[in-house]
Amino acid sequence: MLNFSAMPATGKTAQNGPARVRFAPSPTGELHIGGVRTALFNYLLAKNTGGQFILRLEDTDRNRLVEGSIDSIYDSLRWLGLDWDEGPDIGGPYGPYVQSENVSTGAYAAAAEKLITGEFAYECDCTPERLERVRERQKATKQAPGYDGHCRTRSRDELAESRSAGNDIVVRLKVPRTKTATFEDAVRGRVSIKYQDISDFVILKSDGFPTYHLAHIVDDDAMKITHVLRGEEWLPSVPRHLLIYEGLGIERPVYAHLPVILAEDKSKLSKRHGAVSALEFRDEGFLPDALFNFLALLGWSPGHDKEVMDRDEIASLFTLDRVKEAPAIFDRTKLEWMNGQYIRNLSLDSLTDAALPFLEKGLPAHVARPVDRDRVRPLLAMTQERMKYLTEAPEAIELFFEDSISPAPEEIIQKKMDAASTAAALESSLQILRGFEPFEVEPLEARFRELATQLDLKVGALFGSIRVATTGRRIAPPLFDTLVALGREKTITRMEAAIESLKAVAG
RNA sequence: GGCCCCAUCGUCUAGCGGUCCAGGACACCGCCCUCUCAAGGCGGAGAUCGGGGGUUCGAAUCCCCCUGGGGCUACCA
């Protein structure tokens with residue numbers, strides 16, 4: 001067993017004082033929902049402890065950079081309200097917050113040099129071709145793949161010579177392959193991993209950029225990070241990191257490896273499962289608060305039965321010892337339910353603000369732009385408790401903007417009625433509508449209930465035929481709210497058209 | 001293959017040795033409310049706590065093995 005003297009006592013309960021945490025994505029594309037969840041847990045720990053949430057860009061792989069992904073990361077985090085206290089755009093006392101910018105400061109090279117001097121690391125000029133040959137040989141003899149330590153014992157002079165001859169040089173860490181690393185993880189407790197199958201890995205690439213292993217440690221130390229919350233995929237790498245901390249003589253942070261998020265078929269969540277990036281959820285009409293709440297509950301629970309909680313409530317309850325260690329399946333149906341909860345809890349003004357962009361995009365072209373906020377607000381009120389996504393807003397209210405809706409006669413005719421009787425009922429309704437005062441919900445409803453009795457019709461049948469005649473739909477908000485919103489004039493026009501079409505059918 | 005992590009209703013989870021023949025939520029089914037659809041209310045079905053051994057007076061809870069799932073095994077993060 002290797003006992004790391006620098007290892008702090010960090011059992012499951014260790015969580016004292018303000019935590020400085022960071023979310024450190026690579027700008028290699030859109031922010032995946034798994035990354036968002038990692039960011040969220042970091043954010044929550046910072047909020048819970050009164051600490052800082054830091055954003056850092058890990059762009060040390062120059063080949064995988066994707067144009068525009070930095071802005072997309074910013075947009076995702078801002079949309080969700082995961083505001084950072086220090087970061088590339090706003091700076092902070094421990095910059096730079098972009099790793100590529102830290103290369104020119106020599107920070108990583110200096111760390112690598114220190115590790116070489118301390119004999120924790122060494123330089124290597126093995127070519128990709130040689131590494132490939134080694135791998136093939138290992139495969140053929142069924143050995144674990146990995147670097148064979150060829151350059152471990154070569155002198156620095158030798159490597160310096162190789163470098164001036166124009167060869168590519170990397171720096172590798174010496175891994176003590178007979179030992180075992182034992183450490184505490186805040187969500188998993190004590191973990192032991194053998195060094196046996198970890199080969200001497202690269203910490204400084206030939207282009208002078210560090211790999212993740214070196215870079216994140218140098219930066220975390222510089223930024224005084226106290227807790228590292230990251231995906232479970234990093235757990236097997238912890239022994240490597242422990243080695244670097246030891247070699248550099250710095251104290252390691254508290255580790256918390258979060259469970260991964262899986263798709264419904266238990267495979268890794270990917271594009272083919274639908275929306276996976278934060279921005280896609282935004283575009284599909286989810287509310288950031290709903291996603292925030294839902295994601296917080298994926299892998300963490302508050303310890304009580306209440307599930308719909310606001311941000312402050314979640315943050316005040318969040319602790320690492322309540323984080324689950326098993327992977328969770330992303331249950332989109334439950335997210336939809338939660339989004340509905342949040343939509344219903346919105347004030348009408350907030351709902352209008354949130355829906356406006358979707359209306360701009362989704363309402364028919366003939367509706368004047370920009371969309372009239374005051375016109376649209378009362379319409380949204382009628383549909384609010386029926387919505388699961390904001391994307392449903394345009395379709396829900398567009399019927400109020402159409403000039404003619406022309407529903408099929410058979411749609412208008414209700415149970416136990418025919419074209420003639422329906423036409424007659426609508427005629428009577430039309431008479432009432434023409435002169436009725438006041439044209440308001442309650443009085444209208446009372447009068448039409450009376451009419452149903454007079455005509456010996458079921459209320460549902462009469463209302464139903466009027467509903468289809470005036471909205472073109474069998475399903476719509478409550479009838480008289482709809483008619484009032486439509487206005488007397490439009491209501492009458494639609495009724496007349498419906499009666500005409502029924503008469504044509506009745507012959 | 002090797003190493004590591006994990007395992008409670010279909011799904012998210014509560015449970016941290018007795019109060020659990022297992023609680024809540026989503027989804028599902030039924031009833032109520034009701035002008036349609038929702039929302040809401042009430043109720044139901046749904047988990048031999050993956051399997052097998054232990055430890056213990058007593059285990060979903062502790063230990064071991066098996067099985068299953070996931071992760072890692074790059075000059076990617």
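Order of the sequence lines sets the chain letters (A, B, ...), proteins ahead of strands, with each chain counted from 1. These figures come from a predicted structure and were not determined experimentally.
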Rounded off to whole Å, could you give me the [atom1]-to-[atom2] distance for the [X] and [N] pair?
X        : N      : atom1 : atom2 : answer
A:Arg230 : B:rG71 : CZ    : C1'   : 14 Å
A:Glu445 : B:rC35 : CD    : C1'   : 7 Å
A:Ile261 : B:rG71 : CD1   : C1'   : 15 Å
A:Glu385 : B:rG41 : CD    : P     : 12 Å
A:Glu232 : B:rG70 : CD    : C1'   : 7 Å
A:Leu462 : B:rU36 : CG    : C1'   : 13 Å
A:Leu455 : B:rC35 : CG    : C1'   : 15 Å
A:Met382 : B:rC37 : CE    : P     : 18 Å

How far does the [atom1] atom of [N] sit from the matching atom of [M], given to the nearest Å?
N      : M      : atom1 : result
B:rA25 : B:rA14 : P     : 15 Å
B:rG50 : B:rA7  : C1'   : 7 Å
B:rA22 : B:rA60 : C1'   : 8 Å
B:rG54 : B:rG69 : C1'   : 25 Å

Short N/O separations, protein against nucleotides 73-77 of chain B, under 3.5 angstrom:
residue	atom	partner	partner atom	Å
B:rC75	O2	A:Ser206	N	2.9
B:rC75	O2	A:Ser206	OG	2.9
B:rC75	N3	A:Ser206	OG	3.1
B:rC76	OP2	A:Lys205	NZ	3.2
B:rC76	O2'	A:Asp61	OD2	2.8
B:rC76	O2'	A:Arg64	NE	3.1
B:rC76	O2'	A:Arg64	NH2	3.2
B:rA77	OP1	A:Thr60	OG1	2.8
B:rA77	OP1	A:Lys205	NZ	2.8
B:rA77	OP2	A:Tyr212	N	3.2
B:rA77	O3'	A:Ser26	OG	2.9
B:rA77	O3'	A:Glu58	OE1	3.0
B:rA77	O2'	A:Ser26	OG	2.8

_Cationic N near anionic O, under 4.0 Å, A:Glu136 to A:Lys139_ =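 Salt bridge: no.
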
*Under the ring-ring contact (aromatic ring centres under 6.0 Å, His included) criterion, do A:Phe318 and A:Phe41 qualify, and how do the steps go?*
CA-CA 8 Å; A:Phe318 186 84; A:Phe41 280 25; 5.2 Å; yes

*Can you say whether the rings of A:Phe480 and A:Phe463 are parallel (under 30°), tilted (30 to 60°) or perpendicular (over 60°)?*
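The arrangement is perpendicular - the two ring planes meet at more than 60°.
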
*Anything under 30° is parallel, anything over 60° is perpendicular, the rest tilted; go ahead and classify A:Phe330 against A:Phe281.*
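Because their plane-to-plane angle lies in the 30° to 60° range, the rings of A:Phe330 and A:Phe281 count as tilted.
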
Could I get a table of every N or O pair under 3.5 Å where one atom is in the protein and the other is in nucleotides 10-16 of chain B?
residue	atom	partner	partner atom	Å
B:rC12	OP1	A:Ile329	N	3.0
B:rC12	O2'	A:Leu297	O	3.2
B:rC12	O2	A:Lys334	NZ	3.4
B:rU13	OP1	A:Gly299	N	2.6
B:rA14	OP1	A:Ser301	OG	3.0
B:rA14	O3'	A:Arg322	NH2	3.4
B:rG15	OP1	A:Arg322	NH1	3.2
B:rG15	OP1	A:Arg322	NH2	3.1

_Under the side chain to side chain contact (heavy atoms under 4.5 Å, CB included) test against A:Val308, which residue among A:Asn293, A:Asp289, A:Leu297 passes?_
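Only one of A:Asn293, A:Asp289, A:Leu297 forms a side chain to side chain contact (heavy atoms under 4.5 Å, CB included) with A:Val308, namely A:Asn293.
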
*Base, sugar-phosphate alone, or nothing: which one does A:Gln341 contact when heavy atoms must sit under 4.0 Å apart?*
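Sugar-phosphate only.
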
*asked:* Categorize A:Lys194 for me: base, sugar-phosphate, or nothing, with a 4.0 angstrom heavy-atom threshold over every strand shown.
replied: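 Sugar-phosphate, no base atom in range.
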
Nearest 0.5 Å, please: how far is [atom2] in [Y] from [atom1] in [X]?
X        : Y        : atom1 : atom2 : answer
A:Tyr108 : A:Leu204 : OH    : CG    : 10.5 Å
A:Arg344 : A:Asn339 : CZ    : CG    : 9.5 Å
A:Ser465 : A:Gln414 : OG    : CD    : 5.5 Å
A:Asp456 : A:Leu462 : CG    : CG    : 12.0 Å

Going by purine N1 to pyrimidine N3 plus the second Watson-Crick contact, or the G-U wobble pair, all under 3.5 Å, which nucleotide sits opposite [N]?
N      : value
B:rG1  : B:rU73
B:rC35 : none
B:rA27 : none

*salt bridge (charged side-chain N to carboxylate O under 4.0 Å, His left out) partner of A:Glu123, chosen from A:Arg152, A:Arg156, A:Arg154*: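 The single option meeting the salt bridge (charged side-chain N to carboxylate O under 4.0 Å, His left out) with A:Glu123 is A:Arg156.
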
